[in-house]
Amino acid sequence: LSIPAVNRDRSTQTVIFPTQTSTSYVEMTPKKDMTLRAFTLCLQVATELSGEREIILFAYGKRDDELNVWREQNRGISLYLGESSNGVTFKVPDPGALHTHLCLTWDSTTGASTLFMNGRRSLTKVYKKGHTIPAGGKVILGQDPDNIEKMEAGFDANQSLVGEIFDVNLWDFVLSDSDILDLYSGKKVQRGNIFDWETTNLRVSGNTLVLKHQV
């Protein structure tokens with residue numbers, strides 16, 4: 001059964017962080033409990049900080065970090081779960097000024113974790129088998145809060161995102177390879193059941209712009 005392409009005349013919101021700061025961020029509100037034993041996280045990002053320093057792409061935490069995604073300094077894309085300083089890193093090209101579509105998948109049962117960049121699948125790595133991501137935290141774009149309860153008090157400008165991010169979607173299960181490729185290609189795919197970028201509430205702080213653009 002073929003799935004028709006999404007109407008290309010639709011618009012979506014995009015978040016722009018124009019400068020390096022320790023005060024600009026966006027908080028996202030989940031649609032349901034974030035207790036996770038598997039997930040697919042997808043987003044689109046563009047930045048001109050090509051390899052200059054580490055950049056936080058997605059941060060979820062309670063008192064401590066629970067699910068973080070980083071663009072490492074000249075090292076690729078990393079996923080960190082729980083309080084451990086040891087993440088899993090995928091050595092892929094740096095996202096640049098052109099929009100890059102990224103998806104990360106993880107399954108607690110096997111520990112299998114995979115990165116997709118512009119629809120292309122990386123090798124699979126084993127990470128945090130048996131782990132559970134707890135509910136009750138906050139999701140932040142643009143900053144890495146060292147203490148999620150104090151927010152701005154824990155921000156470091158040298159880790160902030162400078163650039164653009166949008167189409168952030170989160171599912172509490174692992175999407176198939178074909179669904180991720182369809183998502184990248186603009187075809188109709190079930191929207192995130194934890195975060196659906198088209199309907200999610202964004203709380204914007206600092207020098208942050210939210211604009212509409214055609215897709």
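None of the values given here were measured: they were computed from a predicted structure.
- Here the CE atom belonging to Met117 is positioned 9.5 Å from the CG atom belonging to Leu104, to the nearest 0.5 angstrom.
- Side chain of Trp70 to backbone of Gly87: no donor-acceptor contact under 3.5 angstrom is found.
- Side-chain polar atoms of Thr114 and Thr124 form a donor-acceptor pair below 3.5 angstrom.
- A distance of 7.5 Å separates OG1 of Thr110 from NZ of Lys129, quoted to the nearest 0.5 Å.
- By the 4.5 Å heavy-atom criterion applied to side chains, Cys103 and Tyr184 are not counted as neighbours.
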(message) Evaluate Met28 against Leu141 for side chain to side chain contact (heavy atoms under 4.5 Å, CB included), listing each step before the verdict.
(response) CA-CA 8 Å; Met28 299 178 66; Leu141 303 179; 3.6 Å; yes

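- Asp144 contributes no side-chain N or O that, together with a main-chain N or O of Ile56, makes up a donor-acceptor pair within less than 3.5 Å.
- In this structure, OH in Tyr60 is found 8.5 Å from CG in Leu67, a value given to the nearest 0.5 Å.
- With hydrogens and angles left out, the side-chain atoms of Ser160 and Gln20 include no donor and acceptor closer than 3.5 Å.
- Contact annotation: the side chain of Ser24 never approaches that of Leu161 to less than 4.5 Å [non-hydrogen atoms, C-beta and beyond].
- Taking all atoms of both residues into account, the shortest heavy-atom contact from Asn68 to Ala59 is OD1-CA, 3.3 Å.
- Using modelled atom types and a 3.5 Å distance limit, the side chains of Arg53 and Asn158 yield no donor-acceptor pair.
- Contact check for Val139 versus Met34: side-chain heavy atoms found under the 4.5 Å cut-off.
- Looking only at side-chain heavy atoms (C-beta outward), Lys31 and Phe195 stay at 4.5 Å or farther from each other.
- Donor-acceptor pairing under 3.5 Å is recorded for the side chains of Ser176 and Ser178.
- Residues Val26 and Ile140 have side chains not in contact (no heavy-atom distance under 4.5 Å, counting atoms from C-beta outward).
- In this structure, Lys212 has no salt bridge (Lys or Arg N to Asp or Glu O under 4.0 Å) partners at least two apart in sequence or on a different chain.
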(message) Test ring pair (Phe, Tyr, Trp, His ring centres under 6.0 Å) on His101 and Phe116; report intermediate values, then the result.
(response) CA-CA 8 Å; His101 187 269; Phe116 294 77; 9.3 Å; no

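- Across Arg37 and Thr132, no two heavy atoms sit closer than the pair NH1-OG1, 2.7 Å.
- With no hydrogens or angles considered, no side-chain donor-acceptor pair links Gln73 and Glu54 at under 3.5 Å.
- Within the 4.5 Å cutoff, the side chain of Pro18 has heavy atoms near those of the Asn207 side chain.
- One finds the CD1 atom of Ile77 at 5.5 Å from the CG atom of Leu57 (value rounded to the nearest 0.5 Å).
- Side-chain contact check for Leu183 versus Cys42: some heavy-atom pair is nearer than 4.5 Å.
- Annotation for Leu123: atom CG counts as buried by contact number, over 12 foreign heavy atoms lying within 6.0 Å.
- Under the 4.5 Å side-chain heavy-atom criterion for ILVMFWY residues, a single connected hydrophobic cluster contains both Val69 and Ile165.
- In this structure a side-chain-to-backbone donor-acceptor pair under 3.5 Å is missing from Thr208 to Val204.
- Hydrophobic side-chain contacts under 4.5 Å tie Leu211 into a cluster, directly or through other members, with Ile16, Leu209.
- Rounded to the nearest 0.5 angstrom, Asp167 CG and Arg191 CZ are separated by 5.0 Å.
- The main-chain N or O of Lys187 is never found under 3.5 Å from a side-chain atom of Ser185 such that the two would form a donor-acceptor pair.
- Side-chain contact between Asn193 and Lys32: present, with at least one pair of heavy atoms (C-beta onward) separated by less than 4.5 Å.
- Not a single donor-acceptor pair under 3.5 Å links the side chain of Ser108 to the backbone N or O of Ala38.
- Listed by chain and residue number, Trp106 satisfy the ring pair (Phe, Tyr, Trp, His ring centres under 6.0 Å) test with Phe39 (two or more places apart in sequence, or in another chain).
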(request) Kindly indicate, with the supporting measurements, whether the criterion side chain to side chain contact (heavy atoms under 4.5 Å, CB included) is fulfilled by Asp94 and Arg71. (result) CA-CA 7 Å; Asp94 280 340; Arg71 196 295 305 272; 3.3 Å; yes

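- Not one N or O on the side chain of Ser22 forms a donor-acceptor pair closer than 3.5 Å with the backbone of Ala157.
- Rounded to the nearest 0.5 Å, atoms CD (Gln190) and CG (Leu175) are 7.5 Å apart.
- When each of Asp172, Asp33, Thr200, Thr40 is tested with Ile194 by the rule side-chain contact (heavy atoms from CB on, under 4.5 Å), just one qualifies, namely Asp172.
- In this structure, Ser113 contributes its side chain and Thr105 its backbone to a donor-acceptor pair below 3.5 Å.
- Defined by atom type and a distance below 3.5 Å, a donor-acceptor pair is missing between the side-chain atoms of Asn201 and Glu27.
- Listed here is the closest heavy atom pair of Ala97 and Glu48: CB-CG, 3.8 Å.
- In the hydrophobic clustering of ILVMFWY residues, with side-chain heavy atoms under 4.5 Å counting as a link, Leu41 and Val174 come out apart.
- Residues Ile55 and Val88 share a single hydrophobic cluster, defined by chaining ILVMFWY side chains whose heavy atoms lie under 4.5 Å apart.
- When all heavy atoms are compared, the tightest approach of Thr89 to Ser78 is OG1-OG, 2.5 Å.
- Within 6.0 Å of atom CZ in Arg121, more than 12 heavy atoms from other residues, nucleotides or ligands are found, so the atom counts as buried in its surroundings.
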(request) Apply side chain to side chain contact (heavy atoms under 4.5 Å, CB included) to the pair Thr21 and Phe155, showing each step before the final yes or no. (result) CA-CA 9 Å; Thr21 78; Phe155 291 160; over 6 Å; no

(message) Please evaluate residues Leu81 and Ile133 with respect to the criterion side chain to side chain contact (heavy atoms under 4.5 Å, CB included), reporting the C-alpha separation (whole Å), side-chain torsions for both, the decisive distance (0.1 Å), and the verdict.
(response) CA-CA 7 Å; Leu81 299 179; Ile133 301 168; 3.7 Å; yes

